[in-house]
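Naming convention: chains lettered A, B, ... in sequence-line order (proteins, then strands); numbering from 1 in each chain.
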2 protein chains.
Amino acid sequence: MPSDVEPAPVSAKPPVTLREVAAAAGVSVATASKALNGQGRMTAETRERIRETARLLGFRPNSLAQSLLRKRSFTVGLLTNDTYGRFSLPLMAGVSDALVDKGVSVFLCNVEDDQRLGQLHVEAMLDKRVDGIVATGKRIDRHLPVDLSNLRIPVVYAFTQPDPGAIGLVSDDAGGARLAVEHFLRLGRRRIAHVSGPASFAVVHARAQAWRDVLKENGLAESEPLLGAWSEAWGHEAVEKLFGKADREGWPDAVFCGNDQIARGVIDALRERGISVPDDVGVIGFDNWEIVAEATRPPLTSVDMNLSTLGREAGLALLSLVDGQPAAPGIRKLPCRLVVRQSCGSPPE
Amino acid sequence: MPSDVEPAPVSAKPPVTLREVAAAAGVSVATASKALNGQGRMTAETRERIRETARLLGFRPNSLAQSLLRKRSFTVGLLTNDTYGRFSLPLMAGVSDALVDKGVSVFLCNVEDDQRLGQLHVEAMLDKRVDGIVATGKRIDRHLPVDLSNLRIPVVYAFTQPDPGAIGLVSDDAGGARLAVEHFLRLGRRRIAHVSGPASFAVVHARAQAWRDVLKENGLAESEPLLGAWSEAWGHEAVEKLFGKADREGWPDAVFCGNDQIARGVIDALRERGISVPDDVGVIGFDNWEIVAEATRPPLTSVDMNLSTLGREAGLALLSLVDGQPAAPGIRKLPCRLVVRQSCGSPPE
DNA sequence: GCGGGTTGGGAAAAGGTTTTCTCAGAGTGG
DNA sequence: CCACTCTGAGAAAACCTTTTCCCAACCCGC
């Protein structure tokens, strides 16, 4: 028999159990358990000896067994249909971040827009006894393709349409839009246009309304927002509409865009027309998608929805729900944040 | 007592157990278990009755208990440090897709580049008795900030540097580069430049070498690749270097870029110089990041690394490892695919 | 009617942990 | 020396399912 010189864990060595620790320390499993969990009464000496033994043996409790008993799996599910992860990932990072300290892990499931897949994943989660579910999506005004309304376990909705009576966390789109428009105003801009995405999105209306409100509050002329697609191409088109007329006096001196891609299109189109950003026109985007915002020339000032904070809040909310603390249902809006780069110029002295 | 009219599951009703099913069907738990799993011997009538009872009660077996017994949790961990998910998400989609049919769920953990976080997550996974781990990252030539080499459970590396003796799956970068350069050649392009990322990346060398090889094989003049950053800005700069000289004869008629962002910068810069893509110069990118590739003007032909296939293969490989089937260690390269859009023009008649 | 095979189903252990209950022994006061 | 209270630790149940025996009853042929 080869002398077991030390490491070489042959890959198939079963984990050490509490029973083995107890045997090695010369106590019962009950005592061992209590020693490691700081429960029960025993001499400090005994407790320490058991702990030391456990450490030496590399004992790690089997979560499965614990979960079975405690009826808590210390696991939550994160459901999303955001394939590209543009929104899900920061959100997931937040959720995960909020939970990792408490020893809670996250099942991430992308259900696309597939009912069957959604059903499948939710059932898998339920079978694995997740403690709760965070539902998230790629837009605020649509449900995921699954029904989470009668689930026996808590559900928190983040950045997706919540079921009635549930807890939902979304970004404060109106507030975000205000941030942008007011930033323009502070910089002395007065003719502020708004170019946004399809009218079918709720956020488009929320942002447009806030834009209008701020203009009105400041006694400025209101106009119609330009609604189109969430694309660069639409940004180009919109510039054509806004700056196509010969009358330079009618040109805006600021464009607030519904997302960063539109903003990028706008900035590119302006440059092609020889209109300077930010000297002639300021531009603000929405989403603060760094990969886009930092690549525009000049880098794009943009509204950040603080998705990772949203995720963190969602995680914490779910956790307190899991702990049985009641929480008021309804939609909670979390503030956005303006990330200033160079597409708006500096404030006047 | 309110008549239990039907739904209204009061949120806190414990799941129905096998014991309850057995009681309701008037059999023992053993028989019930066997009936539901198609094991054991009993009259078809009994089996059917038990199944019907289970269905009626909405019984779903407790995965935790099953896992405890079978020593398989039907759960795998996916470790990544790719915060933006540019690479991880397609990969994860593939992994998940390969596993969902087998009833296996995926823990996604982003460890950033944080040792502590990595340690934490790996231990959590181990405690939860994941059946295996897929390690993935944002570049092929770096290790994750965790040591997975002595883990007792199978590990498959996908799109990250594997430990020696382990199984790794990566994209065939050289093959992908060949695809691009040969595409140019088929279109009649002869002066093919290469603009890529930092020299510190292994893929940069692999792709550049393949580019050089294809040129040499075809008796074309070789030159040095232009190495810089993975950014649009570098694409602009590179165009300045390549097309700055007055001598038009020395200009390339094709640029093969190390990623799509560089390609985008190149295309934009060419347009600004009045050089037509694809008429004067063809451009190919790498990564096929649709969000970029479809927004360039014209849309960008790009090499796709088939990451979701990579993920799927990784998932299947892990699964067979978990099932105890031996697999040859080493790095397996999966082919890339050229996605043709409009940045290279059409083949000559 | 009886030995032997088959059939239908149950009892019990196993998996690893937590928790409640119990108990033996030690210490204390009278 | 006795009754009582602590103290430290163990036995066992519980969580839920699977699986390995095991057993009773039935059927068959002789």
* To do: Specify the separation, in whole Å, of atom CG of A:N62 and atom C1' of C:dG15.
  => 8 Å

* If you measure from the Lys or Arg side-chain nitrogens to the Asp or Glu carboxylate oxygens, is any gap between A:E52 and A:R49 under 4.0 Å? -> no

* Which atom pair, heavy atoms only, marks the closest approach of A:V106 to B:F107? -> O-CD2, 3.4 Å

* To the nearest Å, give me how far apart CG (B:L69) and P (C:dA13) are. => 15 Å

* Structure fact -> Taking for B:R129 and for B:M42 the nucleotide of DNA chain C with the nearest heavy atom, the one nearer the 5' end belongs to B:M42

* **B:K71 side-chain N/O to C:dA14 phosphate OP1/OP2 under 4.0 Å** => no

* To do: Would you kindly give the CD-to-C1' distance between B:E45 and C:dG9, to the nearest whole Å?
  => 13 Å

* To do: Classify the side chain of B:K34 and the base of C:dG10 as holding, or not holding, a donor-acceptor pair under 3.5 Å.
  => yes

* **Atom-to-atom span, CD1 of B:I50 to C1' of C:dG10 - whole angstrom** => 12 Å

* Asked: Do B:K102 and B:D323 meet the salt-bridge criterion of a basic N to acidic O distance under 4.0 Å?
  -> no

* Toward the 5' end of DNA chain C, which comes first, A:A65 or B:V27, by nearest nucleotide? -> B:V27

* **Interatomic distance where CG belongs to B:D127 and C1' belongs to C:dT17 [whole Å]** => 13 Å

* Span of DNA chain D in contact with chain A (heavy atoms, under 4.0 Å) -> D:dT7 to D:dC16

* Should A:D131 and A:K71 count as an ion pair when the cut-off is N to O under 4.0 Å? -> no

* To do: Scan A:T43 against the nucleic acid and name what it touches under 4.0 Å (heavy atoms): base, sugar-phosphate only, or nothing.
  => sugar-phosphate

* Structure fact -> B:A166 and B:Y157 have their tightest heavy-atom pair at CB-CE1, 3.5 Å

* To do: Give the rounded distance in Å between these two atoms: CZ of A:R70 and P of C:dT17.
  => 11 Å

* Asked: How about A:Q119 and A:Q115: does a side-chain donor come under 3.5 Å of a side-chain acceptor?
  -> no

* **Any donor-acceptor N or O pair under 3.5 Å, side chains B:S105, A:K128** => yes

* **Residue mapping more 5' on DNA chain D - nearest nucleotide basis, B:S63 or A:V29** => A:V29

* To do: Return the 5'-most residue of the pair A:R49, B:L68 with respect to DNA chain D, ranking by each residue's nearest nucleotide.
  => A:R49

* Asked: Is A:T17 touching bases, backbone alone, or none of the nucleic acid, heavy atoms closer than 4.0 Å?
  -> sugar-phosphate

* Asked: With a non-hydrogen cut-off below 4.0 angstrom, is B:T46 in contact with a base, only sugar-phosphate, or nothing?
  -> sugar-phosphate

* **Atom-to-atom span, CZ of B:R41 to P of C:dT7 - whole angstrom** => 6 Å

* Whole-Å distance between C:dA14 C1' and A:L64 CG? -> 15 Å

